[in-house]
Amino acid sequence: MAPFIFNTTKSLVFETGASARLAEVAGQTLGKSVLLVTDPGLRQLGLADPAIASLEAAGHSVAVFDKVEADPSRETLMQAVAFGRSVGATGVVGLGGGSSLDVSKLVALLLGSDEDLDEAWGVAQAKGPRLPLVLVPTTAGTGSEVTPVSIITVGAEEKRGVSSPVILPDIAVLDADLTVGLPAHITAATGVDAMVHAIEAYASKSANNNPLSKMLAREALRLLGANIEAAVFNGQDKGARGAMLLGSMLAGQAFANSPVAAVHALAYPIGGTFHVPHGLSNALVLPHVLRFNAPDAHALYAEIAADAFPQIVEVEGSQARCAAFIDALADLSKHLGMQTRLRDVNIPEDAIGKMAADSMIQQRLLVNNPRAVTERDAFNIYKAAW
């Protein structure tokens, strides 16, 4: 068996209502002066209020930074760092979707170490230390609460990442109460995003692809495939919501150690240039990338097909099962009410050439793809998705 390394968050709390007793769960870890990072929508909805009340009742001071946007910018990150420094933060809580969690990771790093962000970009460049960090996801999609990665938008369009075990949090809190009000279209997009994480982790060409990641990816697909429709169409179903959170987290553990590939690489120009949400960006190119990969990866896709879609177990032969899997994923997006074509999100056909060129920047992801992707290949995949 090939050697591998597996890193993950050291403590996980899976409990409906856990965020309302955050002081009990994480107060000792965070210290007395807590910086809570979230977005304006969640702040307005009051989703952070129970966590704040719990911490304040236990004697912690809580300063809230609620300016995180989708595809968070370097400017927003540095504003959060300056704010955290001004209040003397001893620990950081990230509460929200992937954007808030990603910002929180780097806020904790930069406050704890005074590290130069420009020296932290890339893989294993961040050295730390960081402030204590607790992440509380409000969507079942990114798995950011168990990944050592933070993605930030630099300049007008470019996305850069920090990937280092240093930014894994101390505690992840999975509370289904925080996801029951999530709109159906966001539930759908983030759920498919989590499925993409599991699929790409399972088939990744990374030298660190390993039995643990494969096992986690398959269980993630079982949970996500069995519960995504209930979560989308009956958002108050806490059983389905909890299963989606757990599936997203397991997929996050899988791809944190067996990295994602061309679906994400081709999704980034869609989000970076046209500001399409990340989960939807992935969904738009997913079936087309998998069809491109199929000549080299059909056996791998066939192995996981029935985990997500049990009816596929009746399909015989790896190529036929792979094809059925890809068709089922495309049908799922349509069934969940998601846009399925690039033109549906107002991306003009004449943008395809630039997106193909931009996707080549993501070599850290493309090297993990089961089949090599050239710029011409990317162009043809986008063309098929348009």
- Report whether W386 and I381 are members of the same hydrophobic cluster (ILVMFWY, side-chain heavy atoms less than 4.5 Å apart, transitive linking). yes
- Item | Main-chain N/O of G31 paired to H60 side chain as donor or acceptor, under 3.5 Å | yes
- Query: Under 3.5 Å, is there a donor-acceptor pair linking the side chains of T374 and D377?
  - Reply: yes
- Atom pair CD/OG1 of E145 and T8 - distance to nearest 0.5 Å: 9.0 Å
- Test item: side-chain donor near acceptor, H264 and Q362, under 3.5 Å: no
- Atom CD of E316 with >12 non-hydrogen neighbours under 6.0 angstrom: no
- Is a side-chain donor or acceptor of Y382 paired with a backbone partner of L266 at a separation under 3.5 angstrom? yes
- Item | Separation between CG of D118 and CD of Q125, rounded to the nearest 0.5 Å | 12.0 Å
- Message: Would the distance check show the side chain of S86 and the main-chain N or O of F83 forming a donor-acceptor pair, the cut-off being under 3.5 Å?
- Response: yes
- Is a side-chain N or O of R371 found less than 3.5 angstrom from the main chain of F292, in a donor-acceptor match? yes
- Message: Nearest 0.5 Å, please: how far is CG in L111 from CZ in R130?
- Response: 12.0 Å
- Message: For a quick check under 3.5 Å, do N257 and S213 share a side-chain donor-acceptor pair by atom type?
- Response: no
- Query: Does the side chain of R241 come under 3.5 Å of the side chain of T187 through a donor N or O and an acceptor N or O?
  - Reply: yes
- Message: Do K105 and S144 pair up side chain to side chain, a donor and an acceptor below 3.5 Å, judged on atom types alone?
- Response: yes
- Expected output: side-chain Q363 to main-chain M360 donor-acceptor under 3.5 Å: yes
- Query: Does the side chain of L365 come within less than 4.5 Å of Y268's, by heavy atoms?
  - Reply: yes
- Item | Polar side-chain atom of S100 near backbone of G97 as donor-acceptor pair, under 3.5 Å | no
- So, S258 side chain and A254 main chain: donor-acceptor pair closer than 3.5 Å or not? no
- For S164 and P148, indicate whether the former's side chain and the latter's backbone hold a donor-acceptor pair under 3.5 Å. no
- Message: Are L133 and S104 packed together at the side-chain level, in the sense that at least one heavy-atom pair is separated by less than 4.5 angstrom?
- Response: yes
- Do the side chain of R291 and the main chain of I326 share a donor and acceptor less than 3.5 angstrom apart? no
